[in-house]
Structure formats: C-alpha cells, structure tokens
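Just so you know, residue 1 is the first one in the sequence shown, and it goes up from there. Note that the structure is predicted; figures quoted are calculated from it, not measured.
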Amino acid sequence: MNTREKLVATAADLFQEEGVRATGLSKILAVSGTPKGSLYYYFPEGKEQLIKAAIQYAGAQILARVKQALERDAAPEIALTGQLAEMAEEMQQHGRLSSHSISLIALETRDDPKLQAACSAVYTQLEDLYTDKLVSAGMSVVPARQLGQFVQATIEGTIMIATTKANPDLLRQTAAHLSYLIKQALTS
C-alpha cells in the first residue's frame, strides 16, 4: 500500500468509526504513520478532497464485500441471508461492524453537494447490486429496482440500529424478513 492509499484507507476507517468532524487531519497522519507533507502533496485541496477519496475507497470496499456475498448463492434470499449472517457474526465476535456502511459519513457531509454526490453514488451502486441479483433470479426490472432500493435502505438502517443497540440479532431478524419478502416477490 503506497502513502496515498494508506492515508485514504486510514481516513475511511476513522470517518466510518468516529465521524468526519471528529477526525482531525493530525489523527489521520498519526494513525497512518505518514508525514504531514504527504497529506498536502496528495490532497492539495485539503480535507474535502481526502473525504471524497475516503468515501470512494470505503464504497469500493463495501461493494466488493456485498458482491462477494451475493455471488455465493443463485437464490437472492439465500445470498442476502448469508450476507447479513456474516455481519451478525462479525458484530458478535468483535463487538462492532467494520467497513459495512458509509452512513455516518453521509450524515455528516450532507451540507456539501460534492460529498453527498459521492455518497449517493455508493448507495446507487449498492442498490444496483441488489437489483441485478433480483433480475438474475427472474424478477422484472422495475419491481426489482424498487425492491433493490428497499433492501439497501433496510440493510443500512439495520446496520445503524444494530450497531447502536449492540444487537447482532437485529441483522438476523432483518435477514429473515427480507428473505420472506424476496420469496414472495419472486413467486408473484
């Protein structure tokens, strides 16, 4: 991992765990072990440029994780149940979830149109993954798009609530309900 990547990866982790506003540039430098000059060399426009890069990095990590989970089974309800079960297991073992959501970043950057656009792009790509999975199972595009958006919103909300309550069972319960809805949608 080169210096730029180290800065971006560290920023993404800290922003997801502590928030954008609570994470100072000095903390990013200290945790990443990079010199101050590197920050301004790679991100001459400052923290906003680093935040955008961190959003894109975190988004790519999340997308890869979701794509891998969805590829494990042809049936979307089974693949989705597996995805959420893995998240619940991670939370149970480590007491938290890491690199599953950009919601904290999205909430803290709502006053910046460029950063909101970057967050929106990640959410749209996630919706697309769920939509494509549903279409590959035989659902037509319009209802698959609507259900894909619902799945993404439901998972995002469940991540926030399960994390807040430190309750991995909420992820398992959501998996069961989404599985039921998907089965019903595929048979109707």
Side-chain angles (χ1 to χ4, degrees), residues 1-70 83-84 86-130 148-149 151-168 170-171 174:
M1 186 177 286
N2 67 32
T3 302
R4 184 185 188 284
E5 292 167 341
K6 206 183 310 184
L7 283 167
V8 172
T10 301
D13 289 343
L14 291 170
F15 293 158
Q16 289 175 85
E17 289 186 29
E18 299 178 12
V20 172
R21 289 185 176 87
T23 305
L25 295 176
S26 58
K27 181 156 189 180
I28 295 167
L29 290 169
V31 173
S32 69
T34 56
K36 190 173 189 176
S38 296
L39 181 66
Y40 297 105
Y41 175 78
Y42 290 111
F43 303 99
E45 296 170 28
K47 190 173 181 180
E48 182 181 314
Q49 187 179 15
L50 177 58
I51 295 167
K52 185 174 180 184
I55 291 166
Q56 292 166 338
Y57 174 86
Q61 299 297 310
I62 295 164
L63 286 162
R65 204 174 212 172
V66 170
K67 185 176 182 187
Q68 183 181 39
L70 293 179
Q83 175 193 352
L84 290 167
E86 285 177 12
M87 292 166 66
E89 187 63 31
E90 179 183 332
M91 180 180 270
Q92 198 149 0
Q93 287 182 359
H94 304 290
R96 65 185 185 89
L97 289 173
S98 180
S99 300
H100 286 282
S101 173
I102 60 162
S103 59
L104 183 56
I105 299 171
L107 289 170
E108 285 196 81
T109 59
R110 67 186 172 277
D111 56 342
D112 186 313
K114 289 179 188 174
L115 298 177
Q116 280 294 282
C119 291
S120 180
V122 171
Y123 287 135
T124 299
Q125 290 173 317
L126 286 164
E127 292 166 4
D128 290 346
L129 284 178
Y130 295 121
Q149 289 171 336
V151 166
Q152 170 54 27
T154 301
I155 291 172
E156 198 69 32
T158 303
I159 289 170
M160 289 184 5
I161 294 168
T163 300
T164 301
K165 292 184 171 189
N167 184 354
L170 294 175
L171 292 159
T174 296

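- Legend: residues meeting side chain to side chain contact (heavy atoms under 4.5 Å, CB included) with E5, ordered by chain and number and at least two apart, are M1, N2.
- Atom-to-atom distance recorded for D128:CG and Q149:CD is 9.0 Å, nearest 0.5 angstrom.
- With sequence neighbours excluded, the residues that form a side chain to side chain contact (heavy atoms under 4.5 Å, CB included) with S120 are T124.
- Contacts classified as side-chain hydrogen bond (donor to acceptor under 3.5 Å, both in side chains) and involving residues 35-49 (residues at least two apart or in different chains) are not found.
- The two residues A166 and M91 come nearest to each other via the heavy atoms C-SD, 4.4 Å.
- Note that CD of Q92 and CG of L97 are 11.5 Å apart. Values are rounded to the nearest 0.5 Å.
- I51 is not listed as a side-chain neighbour of F43, based on a closest heavy-atom distance of 4.5 Å or more.
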Margin query: Does L84 form a side chain to side chain contact (heavy atoms under 4.5 Å, CB included) with T158? I'd like the steps, not just the answer.
Written below: CA-CA 10 Å; L84 290 167; T158 303; 5.8 Å; no
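- Residues satisfying the side-chain hydrogen bond (donor to acceptor under 3.5 Å, both in side chains) criterion with S32, sequence neighbours excluded, are T34.
- T23 pairs by the side-chain hydrogen bond (donor to acceptor under 3.5 Å, both in side chains) definition with nothing, not counting sequence neighbours.
- A12 pairs by the side chain to side chain contact (heavy atoms under 4.5 Å, CB included) definition with Q16, A54, Y57, A58, not counting sequence neighbours.
- The structure places CG of L25 at 11.0 Å from CG of L14, a figure rounded to the nearest 0.5 Å.
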Sequence neighbours left out, cut at 3.5 Å: what donor-acceptor pairs do the side chains of residues 98-108 make with other protein atoms?
unit_1, atom_1, unit_2, atom_2, d
H100, NE2, R65, NH1, 3.1
H100, NE2, E90, OE1, 2.9
S101, OG, S103, N, 3.0
S101, OG, S103, OG, 2.9
S101, OG, E156, OE2, 2.2
E108, OE1, R21, N, 3.0
E108, OE2, V20, N, 2.7

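- Sorted pairs that involve residues 49-64 and meet salt bridge (Lys or Arg N to Asp or Glu O under 4.0 Å), not counting sequence neighbours, are lacking altogether.
- Partners of T109 by side-chain hydrogen bond (donor to acceptor under 3.5 Å, both in side chains), not counting sequence neighbours, listed by chain and number: Q116.
- To the nearest 0.5 Å, atom CZ of residue R4 and atom CG of residue L39 are 11.0 Å apart.
- Partners of D112 under the salt bridge (charged side-chain N to carboxylate O under 4.0 Å, His left out) rule, at least two apart in sequence or in another chain, do not exist in this structure.
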Checklist line | side chain to side chain contact (heavy atoms under 4.5 Å, CB included) between I28 and F15, intermediate numbers included | finding: CA-CA 10 Å; I28 295 167; F15 293 158; 3.8 Å; yes
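- Rounding to the nearest 0.5 angstrom, the gap separating the CG atom in L171 from the CD1 atom in I155 is 9.0 Å.
- Remark: Q83 engages Y130 in a side-chain hydrogen bond (donor to acceptor under 3.5 Å, both in side chains) (not counting sequence neighbours).
- For the pair C119 and I55, the tightest heavy-atom approach, listed with the atom from each and the gap, is SG-CD1, 3.7 Å.
- Residues passing the salt bridge (charged side-chain N to carboxylate O under 4.0 Å, His left out) test with E18 are K27, sequence neighbours excluded.
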